[in-house]
Amino acid sequence: MSVLTVNPMQTTNAKGTFNIKSEGFIQGVAIDDPAARYALAFGALSSSEIKPMWGGVAINELLPGVNPSARGSNIKRATTLSELVGISVFNQAHNGLVTPQSPVPLFLSNMSVSFYRFGSGARVPVKASDAVIALAGTGISVNQPLVWNFATDSLDVFSTVAASVDTAGITYTSATAAADGFATATTASAHGLAVGAYVTITAAVPAAYNGTVQVLSVPSGTTFTYKPASVPAGAATTQGAVGVTTQSAVALPVKIIETQMGNSKTVAYDSTTGFATWNDSGNVAVILL
C-alpha cells in the first residue's frame, strides 16, 4: 500500500517562487491611511516656477489672493527652511504628464499639485541620502532630528561648519528664466562645508546676506553658494562671518518611521533635458508629517 507522509507544520514552495523583494516604496506616493486621507490638499503650481514638480518634494504654499480660488493655493518648490510647508505627493494627481523618455508624472506651471502639510499625520516616502540610511542602520530613534536638503530634494543628516570662518567676499547672481538667484560666499580660509550643510552668516552688509542658510553647492574649498532670504542690493560692502548653526534650529518637524536601502523607486531629474526617470534602486525614508 502506498504511503504519503505529511507534516502539517512544514511548508515549502517551488524554487524561485518568492525570490523577488517587493516591500519597497515609491517616492511621493503616500501610504494609505484613513486617518489622514482627508488631509490631502491641492493647489496650482505657480506660473513663476522654473522646474516642474513631482511627488516627494518640499513645497511652499501661498494664498491665491484676497478672494478664494477654486484651484486652491499657489504652490511653489520650497528653497529655504522658512518656506517649507509640506511635501508634494502623486496621490490623486492623475493629470501628471508622462512620456516614454520621462516616465515620472510631472506637473508644470498652473497644473494641479497634490500635497500634505506638516502636522497632517500623513506617512510619505521621500528620497533619503546615503548618510540617513547609514544612520538608520545604527538603530536611531523615530525622533532623530533630520533636515531637508534643498539641493538634492532629499532627507539628510544635519551638518554645519566646524568653526567660524570670515568671509572675503559675497556676491549675488540674479535669477534667470532657467535658474533661481543665489549668493556666492568666498571665505578667508578653507570652510570644510558639503552640499546640504547649514550655516549662520552674520555681520555682512547688505544685511540680506545674513541669516541661517543651506549650502547649495561647493565650487571650491573656499567658496560656496546659498539662497539669501531676500535679494541683496549688490555685493557685500562689509564682510561677515560664517558660523555654526544648531541642529534644533533647522530640524524638520517630522518623525522617521521606516527606511529602505536600494529597494525603492526614487526620482532622477535631468535639468538639461527636462526628463524625470525612475531609479529602481533608490534609498527612501518614510516620514510622519
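Small disclaimer: the values here were computed from a predicted structure and weren't measured.
Evaluated for a side-chain contact (heavy atoms from CB on, under 4.5 Å) with Val132, the options Val157, Asn149, Val147 yield exactly one hit, Val157. Tested against Tyr226 for a side-chain contact (heavy atoms from CB on, under 4.5 Å), the candidates Val242, Val199, Leu193, Ile201 yield a single pass: Ile201.
Interatomic distance, Lys51 NZ to Asp153 CG, rounded to the nearest 0.5 Å: 5.0 Å. Taken from OG1 in Thr173 to CG in Asp180, the straight-line distance is 12.0 Å, to the nearest 0.5 Å. Interatomic distance, CG of Leu289 versus OG of Ser120, reported as 4.5 Å (0.5 Å rounding). Here the CD atom belonging to Glu258 is positioned 9.0 Å from the CZ atom belonging to Arg123, to the nearest 0.5 angstrom. Atoms CG and CG, from Leu97 and Leu108 in turn, are 5.0 Å apart once rounded to the nearest 0.5 Å. Note that CD1 of Ile26 is 11.0 Å distant from CD1 of Ile31, once rounded to the nearest 0.5 Å.
Residues Ile133 and Leu146 do not share a hydrophobic cluster, clusters being chains of Ile/Leu/Val/Met/Phe/Trp/Tyr side chains in contact below 4.5 Å. Cluster membership check: Val267 shares its hydrophobic cluster with Phe115, using side-chain heavy-atom separations under 4.5 Å among Ile, Leu, Val, Met, Phe, Trp and Tyr. Under the 4.5 Å side-chain contact rule for hydrophobic residues, Leu62 and Phe42 do not share a cluster. If you chain together hydrophobic residues whose side chains sit under 4.5 Å apart, Ile59 and Leu252 never meet in one group. A single hydrophobic cluster is not seen to contain both Val104 and Phe25; linkage of ILVMFWY side chains at heavy-atom distances under 4.5 Å, directly or through other members, places them apart.
Arg117 places a side-chain heavy atom less than 4.5 Å from the side chain of Glu61. The side-chain heavy atoms of Asn110 and Leu45, taken from C-beta on, include no pair separated by under 4.5 Å. Residues Trp148 and Val126 meet the side-chain proximity criterion, which asks for heavy atoms closer than 4.5 Å.
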(request) Dump the intermediate steps for side chain to side chain contact (heavy atoms under 4.5 Å, CB included) on Thr277 and Gln101, then the final yes or no. (result) CA-CA 8 Å; Thr277 56; Gln101 299 85 1; over 6 Å; no
(message) Between Trp278 and Thr266, does the side chain to side chain contact (heavy atoms under 4.5 Å, CB included) criterion hold? Intermediate values first, please.
(response) CA-CA 6 Å; Trp278 291 113; Thr266 56; over 6 Å; no
(request) Kindly determine whether Phe224 and Thr187 satisfy side chain to side chain contact (heavy atoms under 4.5 Å, CB included), including the steps that lead there. (result) CA-CA 9 Å; Phe224 66 91; Thr187 54; 4.1 Å; yes
(request) Test Tyr116 against Val124 for side chain to side chain contact (heavy atoms under 4.5 Å, CB included), laying out the working first. (result) CA-CA 9 Å; Tyr116 280 105; Val124 182; 4.3 Å; yes
Listed pairs under 3.5 Å, donor-acceptor, residues 75-91 side chains, sequence neighbours left out:
unit_1: Arg77; atom_1: NH1; unit_2: Pro52; atom_2: O; d: 3.3
unit_1: Arg77; atom_1: NH2; unit_2: Pro52; atom_2: O; d: 3.1
unit_1: Thr79; atom_1: OG1; unit_2: Glu83; atom_2: OE1; d: 3.0
unit_1: Thr79; atom_1: OG1; unit_2: Lys227; atom_2: NZ; d: 2.7
unit_1: Thr80; atom_1: OG1; unit_2: Ser82; atom_2: OG; d: 3.2
unit_1: Glu83; atom_1: OE1; unit_2: Thr79; atom_2: N; d: 2.8
unit_1: Ser88; atom_1: OG; unit_2: Trp54; atom_2: O; d: 2.6
unit_1: Ser88; atom_1: OG; unit_2: Gly56; atom_2: N; d: 3.4
unit_1: Ser88; atom_1: OG; unit_2: Val57; atom_2: N; d: 3.1
unit_1: Ser88; atom_1: OG; unit_2: Val57; atom_2: O; d: 3.3
unit_1: Asn91; atom_1: OD1; unit_2: Ala30; atom_2: N; d: 2.8
unit_1: Asn91; atom_1: ND2; unit_2: Ala30; atom_2: O; d: 3.2

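Distance alone, capped at 3.5 Å, is enough to place a donor-acceptor pair between the Thr245 side chain and the Thr200 backbone. A donor-acceptor pair under 3.5 Å is formed between the side chain of Asn283 and the backbone N or O of Gly262. One N or O on the side chain of Gln214 and one on the backbone of Phe150 form a donor-acceptor pair closer than 3.5 Å. Side-chain atoms of Thr171 never come within 3.5 Å of backbone atoms of Ala235 as a donor-acceptor pair (strictly under, hydrogens ignored). Counting only distance, with no hydrogens or angles, the side chain of Asp156 and the backbone of Ser129 share no donor-acceptor pair below 3.5 Å. Put simply, the side chain of Ser102 never gets that close to the backbone of Thr99: no donor and acceptor are under 3.5 Å apart. Although no hydrogens or angles enter the test, the distance criterion places no donor-acceptor pair under 3.5 Å between the side chain of Gln247 and the main chain of Phe158. Not one N or O on the side chain of Thr225 forms a donor-acceptor pair closer than 3.5 Å with the backbone of Thr184. With hydrogens and angles ignored, the 3.5 Å screen pairs a side-chain donor or acceptor of His191 with a backbone N or O of Thr223. The backbone N or O of Gly169 lies less than 3.5 Å from a partner atom in the side chain of Gln239, making a donor-acceptor pair.
A donor and an acceptor atom, one from each side chain of Thr186 and Thr222, are nowhere located under 3.5 Å apart. Looking at Gln92 and Ser114, their side chains never bring a donor and an acceptor atom within 3.5 Å of each other. No hydrogens or angles considered: a donor-acceptor pair under 3.5 Å links the side chains of Asn279 and Ser281.
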